[in-house]
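Input: a single structure, listed below in structure tokens.
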Amino acid sequence: MAASQQIASLLGRRGRLALDDVLAALVVDGYLLADDAKQLRVGNRAGRSTVELNPLVIVANAKLTNRRDPGRPLSLEGLTEWLAGQAGLAYLKIDPMKINVAAVTQVVSHAYAQRHRILPVAVTPGEVTFATAEPFDQSWAKDLAQMLRRDVHRVVCSPIDINRYLQEFYGVQRSIQLAKDAKSQSGYDSSALLNFEQLLELGKAGEVGADDRHVVHIVDWLLQYAFEQRASDIHLEPRREAGMMRFRIDGVMHKVFEMPPPVMTAVTSRIKILSRMDVAEKRRPQDGRIKTRATSGREVELRISSMPTAFGEKMVMRIFDPDIVAKDFSQLGFSTPEDALWRSMVERPHGIVLVTGPTGSGKTTTLYSTLKHLATPDINVCTVEDPIEMVSPEFNQMQVQPAIDLDFASGVRTLLRQDPDIIMVGEIRDLETAQMAVQASLTGHLVLSTLHTNDAPSAVTRLLDLGVPHYLIQSTLTGVVAQRLVRTLCPHCKLETQQDPHEWAVLTHGWSFPPPEQVFKPVGCLECRHTGFLGRTGIYEMMPLSPRLRGMIGAQLDLIHFSRAALAEGMRPLRISAADQVARGVTTVQEVLTVLPPVEHVEDSPT
């Protein structure tokens, strides 16, 4: 206790943190050796710049050995947490998705917040919470409490985060306000649906300020923020009172931000311009595409879809990050037997391989990753898609154009004249497309495609329902893979726990699969934004067509009998593939049960 008071006294004697005091406190607390502190102190004086850095940043940048944990250097987050403990305040890692930016930026001005290096992070009717990296400087807190007539609560945050979000929060909010003000002052009704081109023309005429810059700033921030948050989709949804921005992260929707309706309209128009859509057309749906770069420098594609609604155009931007859409085989979530089985199906010179599952189940990722693996310089890979999900230099890609009668069937017919080795058909939707896929397989090509069915055996009955003769399915279909995506546990915070026997019995119903000795549960930490999950992985049901299964395919196929035969031939249902992932500590039973359909009676264990 005495040592803790000594450290607090050292840190707080000047009000603001000083490098000498921080180094002395770290030595007293056993984090640094006196020699390391001395070297850093001397080196900092010799190379002192005009930019004033927070002492914690200087120590973190030096990457000194943490004497309490010799395997790791002293990190900025670790130092900030230590400082919070010495000051007797809570430590906070800022999660911008959980902060009401519009509300917190109204509490104090940007200039005041920057002068005192504080950031408002939460507002209630009776209290305002401020993040600070200077916990011993309390001069501003009493003044603010009197001015705001609310209690002021302080938390300690990383100085880097405070500087960054001060610029982002106030910058974006200022852009939104200026864009809104420009509209209301332009002589137009501020609730009218003005498009961005009109604003641009008004700006050129001098009737409003440079509001185009502000809208551009908002859109740039929106895209970069989505990339940072690992979002797969951005939703811009107009409402009567305020436009809503939501991200889909790991399959779950998160509300991110609200904008005034006129600003939402300008942002929508800006996105339509970037994606080469018709800005004036607001009555019918449109599709577009944007290619941009993330802050890390990697190229990212976005597929844009607009839809007219009661309060304006709803925009959905699907993000195709090459690192996510085209993964290495090892990252798809295949077990060792599944990997070998999938390779045996797709590394054949001919035949049809189908991937099935609902929208958003990862079929595109599986197919693109497979094509990347197969597309060697001596192989001609051609695709026909609707739309092209991600432009890839390894493939020859064609997009379906219904307006000029270029559908999947005519696309495959064209590709057959292009001397292909492998053909990927985006989706088999009708008999003509199915017939062309069969024809391509019969003439010695490998065909990969997708179907929307819940499991692998149902793909055969779907082809029969479309009208494909059973004898052609027998001779061309190589195998079917059904798949789903489940969220994976965060490796930084998952915790070992006991498996509930009842839940395990529900998951493995009908199969003799003993509960694993070790399973994990989600906890939540800074890395996973306190959800307990980080990323997603695939679970698979693989059905290669054995001679016995081929012989069972007839014009009147009994699906239940066929499914049981497939299980007897070695096919493992999705639930058992998922049980393997749970046993490996990748996910949880609860997560799997939210994704998979109820157990049906055909899923009886062959044992």
Side-chain angles (χ1 to χ4, degrees), residues 248-254 332-338 341 356-362 453-458 480-525 527-543 559-607:
R248 187 179 295 279
I249 302 172
D250 292 339
V252 179
M253 292 286 278
H254 298 267
L332 290 175
F334 289 137
S335 65
T336 303
E338 287 169 347
L341 199 53
T356 76
T359 301
S361 59
T453 62
N454 285 330
D455 58 16
S458 299
V480 184
V481 175
Q483 73 174 82
R484 298 290 189 280
L485 290 177
V486 294
R487 291 186 297 169
T488 55
L489 287 164
C490 174
H492 304 280
C493 65
K494 65 180 182 180
L495 198 63
E496 190 174 341
T497 186
Q498 294 294 318
Q499 178 59 56
D500 182 344
H502 174 70
E503 286 183 346
W504 187 257
V506 170
L507 180 63
T508 60
H509 175 72
W511 287 71
S512 55
F513 198 134
E517 295 180 4
Q518 185 184 54
V519 295
F520 295 87
K521 66 178 181 181
V523 177
C525 67
E527 296 291 334
C528 61
R529 298 178 183 85
H530 302 285
T531 62
F533 294 93
L534 189 63
R536 291 189 290 176
T537 191
I539 52 175
Y540 302 92
E541 178 179 271
M542 297 197 168
M543 186 187 75
L559 179 59
I560 293 177
H561 186 50
F562 184 73
S563 298
R564 286 176 174 163
L567 291 168
E569 290 287 299
M571 182 187 81
R572 299 198 315 162
L574 285 164
R575 293 181 298 107
I576 303 307
S577 172
D580 259 354
Q581 299 280 32
V582 174
R584 291 203 295 267
V586 174
T587 188
T588 68
V589 174
Q590 295 95 325
E591 171 66 16
V592 172
L593 294 177
T594 63
V595 173
L596 292 181
V599 178
E600 297 183 8
H601 63 281
V602 297
E603 287 193 9
D604 295 329
S605 170
T607 58

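With a 4.5 Å cut-off on side-chain heavy atoms, Lys494 and Val519 do not count as touching. You'll find the side chain of Val595 stays beyond 4.5 Å of the side chain of Leu485, heavy atoms only. For the pair Thr587 and Thr537, the minimum side-chain heavy-atom distance is 4.5 Å or more. Side chains of Thr588 and Pro522 form a contact here, defined as non-hydrogen atoms less than 4.5 Å apart.
Closest heavy-atom contact between Gly585 and Phe520: CA-CD1, 3.7 Å. Across Phe562 and Pro457, no two heavy atoms sit closer than the pair CD2-CB, 3.9 Å. The two residues Gly532 and Cys493 come nearest to each other via the heavy atoms CA-SG, 4.4 Å.
Each of Leu559, Val480, Thr356 was checked for a side-chain contact (heavy atoms from CB on, under 4.5 Å) with Ser458, and the lone residue meeting it is Leu559.
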Pair up each side-chain donor or acceptor in residues 495-507 with any protein partner under 3.5 Å, not counting sequence neighbours, and list the distances.
residue: Glu496; atom: OE1; partner: Gln518; partner atom: NE2; Å: 3.1
residue: Asp500; atom: OD1; partner: His502; partner atom: N; Å: 2.9
residue: Trp504; atom: NE1; partner: Phe513; partner atom: O; Å: 2.7

Return a table of donor-acceptor pairs under 3.5 angstrom between the side chains of residues 577-584 and protein atoms on other chains or two or more places apart.
residue: Ser577; atom: OG; partner: Glu338; partner atom: OE2; Å: 3.2
residue: Ser577; atom: OG; partner: Tyr540; partner atom: N; Å: 3.2
residue: Ser577; atom: OG; partner: Tyr540; partner atom: O; Å: 3.4
residue: Asp580; atom: OD2; partner: Arg572; partner atom: NH1; Å: 3.0
residue: Asp580; atom: OD2; partner: Arg572; partner atom: NH2; Å: 2.6
residue: Gln581; atom: OE1; partner: Arg584; partner atom: NH2; Å: 2.6
residue: Gln581; atom: NE2; partner: Gly333; partner atom: O; Å: 3.2
residue: Gln581; atom: NE2; partner: Gly538; partner atom: O; Å: 3.2

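Sorted pairs that involve residues 510-520 and meet salt bridge (Lys or Arg N to Asp or Glu O under 4.0 Å), not counting sequence neighbours, are lacking altogether. The stretch residues 587-596 participates, sequence neighbours left out, in these salt bridge (Lys or Arg N to Asp or Glu O under 4.0 Å) pairs: Arg487-Glu591.
Taking CZ of Arg484 as the start and CG of Asp455 as the end, the distance is 8.0 Å to the nearest 0.5 Å. Between the CG atom in Leu341 and the CE atom in Met542 there is a gap of 6.0 Å [rounded to 0.5 Å]. To the nearest 0.5 Å, atoms CZ (Arg575) and CD1 (Ile539) are separated by 10.5 Å.
Looking at residues two or more places apart in sequence or on another chain, you find a side-chain contact (heavy atoms from CB on, under 4.5 Å) between Pro337 and Ser335. Qualifying side-chain hydrogen bond (donor to acceptor under 3.5 Å, both in side chains) partners for Thr508, counting only residues two or more places apart in sequence or in other chains: none. Ala566 meets the side-chain contact (heavy atoms from CB on, under 4.5 Å) test with Met543, Leu549, Met571; sequence neighbours excluded. Residues forming a side-chain contact (heavy atoms from CB on, under 4.5 Å) with Thr531 (at least two apart in sequence, or on another chain): Cys528, Phe533.
Formation of a donor-acceptor pair under 3.5 Å by the Thr488 side chain with backbone atoms of Gly535 is found in this model. Formation of a donor-acceptor pair under 3.5 Å by the Gln483 side chain with backbone atoms of Gly357 is not found in this model.
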